[in-house]
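This report refers to the structure that appears directly beneath it.
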Amino acid sequence: MLGSVPHPAASDQLDELLQALNPPQREAVTWPGGPLLVLAGAGSGKTRVLTHRIAWLIGTERARPGEILSITFTNRAAQEMRERVELLLGRDTRSMWLMTFHSACARILRAEAPRLGYTRTFTIYDQADSRRLVKRCLDELGLDTKRYTPAAIQHQISAAKNWLRSAEDYRQLVGDHFETIVADVYQLYERDLHRMNAMDFDDLLLRVVNVLELFPEVKARYATAFRHILVDEYQDTNHAQYRLLQLLSGDEDNLSVVGDDDQSIYGFRQADIRNILDFQDDFPAAKIVRLEQNYRSTQTILSAANAVVSHNRGRMGKSLWTDVGEGDPIVIRELDDEHAEARYVVGEIERIVDEGVSRAEIAVFYRMNSQSRVLEDTLVRREIAYQVIGGTKFYERSEIKDAIAYLSVLANEQDVISFQRIANAPRRGIGQTSLSRVLSHAETVGITVWEAAAGAALVPGLGTAAVRALDRFMATMSSLRDRAVQDVPVGDLLEAVLHESGYFEWLEAERTIEAQGRTENLHELIEVAREFDAAAASRDDAMRPLEAFLAQIALVADADSRRDDEGLITLMTLHNAKGLEYPIVFIIGCEEGVFPHSRSIDEGSLEEERRLCYVGITRAMRNLTMTYARRRAVFGAHAMGLASRFLSEIPPDLVEGGSNAAAAAGPQIRARPHSWAQTQTEAPPSDLRMGDDVVHAAFGEGVVTGVEPGGIVVVRFAGDGSERKLMAGYAPITKR
DNA sequence: CGTAAATGTTTTTTT
DNA sequence: AACATTTACG
């Protein structure tokens, strides 16, 4: 209908556009300009508001397509937005900036990065690359990577960057010993990144803010170019993103943000819920529109979601309603362990599918990716087609990362992390020792790794075998680079890389199923490159094909590969589920310690877990089932589970079995608040407490310094001062 | 330098 | 339990 209208500028077509909206939606869509906050409850049509607003801005000639910047968090959301706007406008939207924060920033930086001392061909490091670099820095500083784990340090650095704190800023704020270490690593890490002409994910945001703050003329240029900025999922913005929007939105503050404080679930990534809570303080003139009518779920599901999230404090307050009716009650099931849970869920799925429901209408959500495994086993055994979203992503597979590392080195010869990765993959006799000699030679002489490796004979300490291996390797690489600079199609280049480097041969020689799978993945990557080449003609950016390809895939996530219409059951984490809807939803692993996750209990981020639960529940349109297991294998050991507190926050009259469900099902449905999942062992429970004096048959006298789940006690022995962990039920210890 | 065994680590959630 | 990293040895 609307999609067939070529030019909606005519007023009757605008009327038609607006008629599809309810009054508050229409109010938001037609707000003429200035700051606008749309508080959009789950399923209340927020994407609809965004897309219609874009169409309305263009239709009423308040903005030209090129003057619109519409930001989302995921590529999937961006793509969906583009498709829907295209349908509304009936014309192509290529000149509009409809993209994620990270892609928009990468695009700006490809033009502006030289101002910060990077070239346009800078490499984007993902979290794994970044972590590897952090580890290198730790090694370089002679720090123990067990005491200071790269993951923890990297997280700290990432957090600092999201708060726009440079290494120097961070050092000023150091409070304890750990932070001093982080400050040292951060400084070195930044130096290395810059030397390698590389940026991590956080840099993409941070560096754009830097450029805009340092160069007023650049800021003015972009702020003028983007006359209207629209932001989706505003509750998930962090400080860097907040600042970025501030810089870009210019004097008119034509900033429309859409979000739901109850769906803020990215605090661990420094998302700052205050950005949405304080929007009115930041922009006193802001118009605020609330969307509370839900078009997705039954009233039962909405009531459950409302009830759960009402346990949170500090909300803007909002209550979803619908006029579609009560619907079916929510099902809550207790199972023995994760296998029984999987069998139950899959059994129910089979039953529902037999009734004629399409598999594409069913989704299973869980807290952690690791929970998908058992479910997958069961689905495979019952021969039910499924897809898993997220988890080990295509672009995180080692063979894919190897292939991309080859391309990165060809595009950016300073990229040490990638060079390190490929130098001996496949094995070609360039071991750890030789490689670090080359790297340190490059460092001391002040040349790139590429140059150092190409002149292997000049590297001190290298054996003749190593020199010959390096010469051969670099001959191959040079030949490949010759083709790269001639801009041969990326697909051809990649294929040449994988053949001439000996990578394919290497995999073939393994003769294993896994190697075969890896080969297939690589061919898939070549296919991706060929598609990229085919689309190259329609791209107007001035980038070289190889650079453009690398830039594009660096920001692609697996979640973008979701397919809806193929008769597949969908499995994903609750985080990945945001923004989606399914008629039939299962949420598994609703146990204390799993969901809410034990770490969020420790860190006091329970409210965020509760919001995650709210997100999960509100994905369901017709039927919702929540399950938990009394026992679950964690790290290979068995752990006892108690029903999640969130289950007890759902009013019993919404649950199958009626208001007396809790009584009928026994205590298992009622979570004991503040109880913990405990590790179960065969060992009898011990009555040892912290501080008890004990005697051990072999180690002698000691004192209990800690009690851990699973009947494990930590004892410090007087004899040698050692601290040992013992199984209280088994170890020959007695209390004195 | 490469392989195999031993040891250690991981499981929050993601652009 | 599965995977990565480190160590020991040929």
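Per chain, numbering begins at 1; letters A, B, ... match sequence-line order.
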The side chain of [X] is closest to which nucleotide in this list: [options]?
X	options	value
A:His575	B:dT15, B:dG2, B:dT13	B:dT13
A:Ser370	B:dT14, B:dT11, B:dG2	B:dT11
A:Thr100	B:dT14, B:dT11, B:dT15	B:dT15
A:Thr74	B:dT11, B:dT13, B:dT15	B:dT15
A:Lys135	C:dT6, B:dT15, C:dA2	C:dT6

To the nearest angstrom, how far is [X] atom [atom1] from [N] atom [atom2]?
X	N	atom1	atom2	value
A:Glu396	B:dT13	CD	C1'	13 Å
A:Lys578	B:dT13	NZ	C1'	11 Å
A:Arg147	B:dG8	CZ	C1'	18 Å
A:Glu338	C:dA2	CD	P	12 Å
A:Leu206	B:dT15	CG	C1'	15 Å
A:Gln432	C:dT6	CD	P	9 Å
A:Ile601	B:dT11	CD1	C1'	14 Å
A:Tyr366	B:dT13	OH	P	10 Å

| query | Counting just side-chain N and O atoms, does A:Asn576 come under 4.0 Å of either OP1 or OP2 of B:dT14? | reply | yes

| task | Please determine if A:Arg110 forms a cation-pi arrangement with A:Phe122, meaning its NZ or CZ atom is less than 6.0 Å from the six-membered ring centre and no more than 45° off the ring axis. | result | yes

| said: Cation-pi check for A:Trp97 against A:Arg107: NZ or CZ below 6.0 Å from the six-membered ring centre and within 45 degrees of the axis, yes or no? | reply: yes

Does one side chain, of [X] or [Y], offer a donor that lies under 3.5 Å from an acceptor on the other?
X	Y	value
A:Tyr125	A:Asp415	yes
A:Asp272	A:Tyr242	no
A:Arg518	A:Asn521	no

Counting the atoms with a prime plus P, OP1 and OP2 as sugar-phosphate, which does [X] contact under 4.0 Å by heavy atoms, base, sugar-phosphate, or nothing?
X	result
A:Glu603	base
A:Asn369	sugar-phosphate
A:Phe595	nothing
A:Gln127	base
A:Phe73	sugar-phosphate
A:Ser434	sugar-phosphate
A:Asn424	sugar-phosphate

| message | I'd like to check the ring pair (Phe, Tyr, Trp, His ring centres under 6.0 Å) partners of A:His575; sequence neighbours left out, ordered by chain and number. | response | A:Tyr266, A:Phe268

Identify all pairs in which a protein N or O lies below 3.5 Å from an N or O of nucleotides 3-5 of chain B, and state each distance.
residue : atom : partner  : partner atom : Å
B:dT3   : OP2  : A:Arg427 : NH1          : 2.9

| field | Which residue lies more 5' along DNA chain B, comparing A:Arg269 with A:Ala151 via nearest heavy atoms | value | A:Ala151

| query | Mapping A:Thr433 and A:Tyr266 onto DNA chain B by nearest heavy atom, which one lands closer to the 5' end? | reply | A:Thr433

| field | A:Val208, A:Leu212, A:Val211 screened by side chain to side chain contact (heavy atoms under 4.5 Å, CB included) with A:Glu112, the one that passes | value | A:Val211

| message | Give me the distance, rounded to whole Å, that separates C:dT6 from B:dT11 when you measure between the C1' atoms they each carry. | response | 22 Å

| said: A:Arg243: which residues meet the salt bridge (charged side-chain N to carboxylate O under 4.0 Å, His left out) condition with it, sequence neighbours left out? | reply: A:Glu213

| query | Can we call the ring centroids of A:Phe73 and A:Phe101 under 6.0 Å apart? | reply | yes

